[in-house]
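In each ligand, atom 1 is the first atom listed, and ligand 1 is the first ligand listed.
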Amino acid sequence: MRFPFSREINMRTQIVAGNWKMNNDLAQTQALISDLKKQVQTSNAEVMIAPAFTNLYSAFEALRHTNIEVVAQNMHFAESGAYTGEVSAKMLQSIGIKTVILGHSERRAYFGETDELLAKKVDAALANNMRIIFCFGEELADRKSGNHESVVESQIKKALFHLEYSAFNNIILAYEPVWAIGTGETASPEQAQEMHAFIRKTLADKYGEEVANSVSILYGGSVKPANAKEIFSNPDVDGGLIGGAALNAEDFFAIVNAFNRI
Ligand code: 13P
């Protein structure tokens, strides 16, 4: 069932964010940004890109007077100190970055990030007035065994449910089923809507309808120009977190512009 006016009523922000992951050196970053700036930006959606740490400052400067926000892919929870190889919220803020992606499944799988660690990172980002794109999602085995909802519920509860209501002004959720990331396999629009509605209900049960309806919930996992419109037209899908297709300016803006035709 479709609810075409739900976005207007809830006033949730529509967001399309490109997670560049560990792709693009400085020259490639500058070239892709220059391509992005050539695209017409008439979308209803907020647009973000997340380049690698080494290119954040250059990207931020290059996009300073545009409506594309530059965001970070990760940060450490500590303010400063003996954490070799890490970057703090204050460091990000010092170069103008206001939003950070936390909890991406690649951070969880390859760098051992647990729900408990993520709760600390969430606290640190919020303490520094940063906005968070908080990622979570089940693995294929969870989906096959029918545990996908309980896995997602547990990820959300463990990292976020210690927070006050007001924290959700600065939280964007991103449901990224692990089996759909970089695989070319996307959750069907029905699977995405069903999970997004479940996530919103989980939030509503704890924080009430008003908070639940104000939080943007993005879908991530093999979103492409060809499937974006169908995924975004679901009432509880407020945008996308885009990997591979964000590395090409035309594809990325075709996805961003999918909102204009809904
Ligand atoms: P793909 O769009 O390449 O599947 O990646 C999704 C993702 O992980 C975004 O964070």
Engineer: After noting the C-alpha distance and the side-chain angles of E149 and K201, does the key distance pass the salt bridge (charged side-chain N to carboxylate O under 4.0 Å, His left out) rule?
Structural biologist: CA-CA 11 Å; E149 289 189 346; K201 182 180 176 305; over 6 Å; no
Engineer: Indicate whether the side chain of W179 and that of E138 have a donor and an acceptor atom separated by less than 3.5 Å.
Structural biologist: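 W179 vs E138: donor-acceptor pair found between side chains.
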Engineer: Has A180 got any heavy atom lying under 4.0 angstrom from an atom of ligand 1?
Structural biologist: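 A180 counts as a contact of ligand 1 under the 4.0 Å cut-off.
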Engineer: Would you mind reporting whether M48 and L63 have side-chain heavy atoms less than 4.5 Å apart?
Structural biologist: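 No, every pair of side-chain atoms sits at 4.5 Å or beyond.
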Engineer: Considering only protein heavy atoms, which is closest to atom 3 (O) of ligand 1, and at what distance to one decimal place?
Structural biologist: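 Scanning the protein heavy atoms, the shortest distance from atom 3 (O) of ligand 1 goes to G244 N, 2.8 Å.
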Engineer: What's the shortest distance from atom 2 (O) of ligand 1 to any protein heavy atom, and which residue and atom give it?
Structural biologist: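 Among all protein heavy atoms, the one nearest atom 2 (O) of ligand 1 is G243 N, 2.9 Å.
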Engineer: Take atom CZ of F53 as the centre, draw a 6.0 Å sphere, and report whether it contains more than 12 heavy atoms from other residues, nucleotides or ligands.
Structural biologist: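 Yes, CZ of F53 has more than 12 neighbouring heavy atoms, counting only those of other groups under 6.0 Å.
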Engineer: Quick one: closest heavy-atom pair of G221 and E176, and the distance?
Structural biologist: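 Heavy atoms only, the tightest pair is N-OE2, 4.3 Å.
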Engineer: Without placing hydrogens or testing angles, list every side-chain donor-acceptor pair under 3.5 Å for residues 247-256, not counting sequence neighbours.
Structural biologist:
from, atom 1, to, atom 2, distance (Å)
N248, OD1, E250, N, 3.0
N248, OD1, D251, N, 2.9

Engineer: Compute the shortest N/O to N/O distance between G221 and ligand 1 and return yes if it is under 3.5 Å, no if not.
Structural biologist: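 No, no N or O pair falls under 3.5 Å.
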Engineer: By number and element, which atoms of ligand 1 are closer than 4.0 Å to a non-hydrogen atom of G182?
Structural biologist: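 The list of qualifying atoms is 1 (P), 3 (O), 4 (O).
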Engineer: Return yes or no for this condition: an N or O of E106 is under 3.5 Å from an N or O of ligand 1.
Structural biologist: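 There is no such contact.
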Engineer: Answer side chain, backbone, both or neither: which part of N19 comes under 4.0 Å from ligand 1, heavy atoms only.
Structural biologist: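 Just the side chain.
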Engineer: Using a strict cut-off of 4.0 Å, indicate which atoms of ligand 1 neighbour a heavy atom of S222.
Structural biologist: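 Heavy-atom distances to S222 below 4.0 Å select 1 (P), 2 (O), 4 (O).
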Engineer: Side chains of D123 and H162 only: does a donor on one sit below 3.5 Å from an acceptor on the other?
Structural biologist: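 Short answer, yes.
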Engineer: For ligand 1, is there an atom lying under 4.0 Å from some heavy atom of K224?
Structural biologist: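 The answer is no: ligand 1 sits nowhere under 4.0 Å from a heavy atom of K224.
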Engineer: Any non-hydrogen atom of A245 lying under 4.0 Å from ligand 1?
Structural biologist: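 No; A245 lies far enough from ligand 1 that no heavy-atom distance drops under 4.0 Å.
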Engineer: Centroid separation under 6.0 Å, is that true for the rings of F161 and Y207?
Structural biologist: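 Yes: the rings meet the under 6.0 Å criterion.
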Engineer: Give me the residue, atom name and distance of the protein heavy atom closest to atom 9 (C) of ligand 1.
Structural biologist: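 Answer, as residue, atom name and distance: E176 OE2, 2.9 Å.
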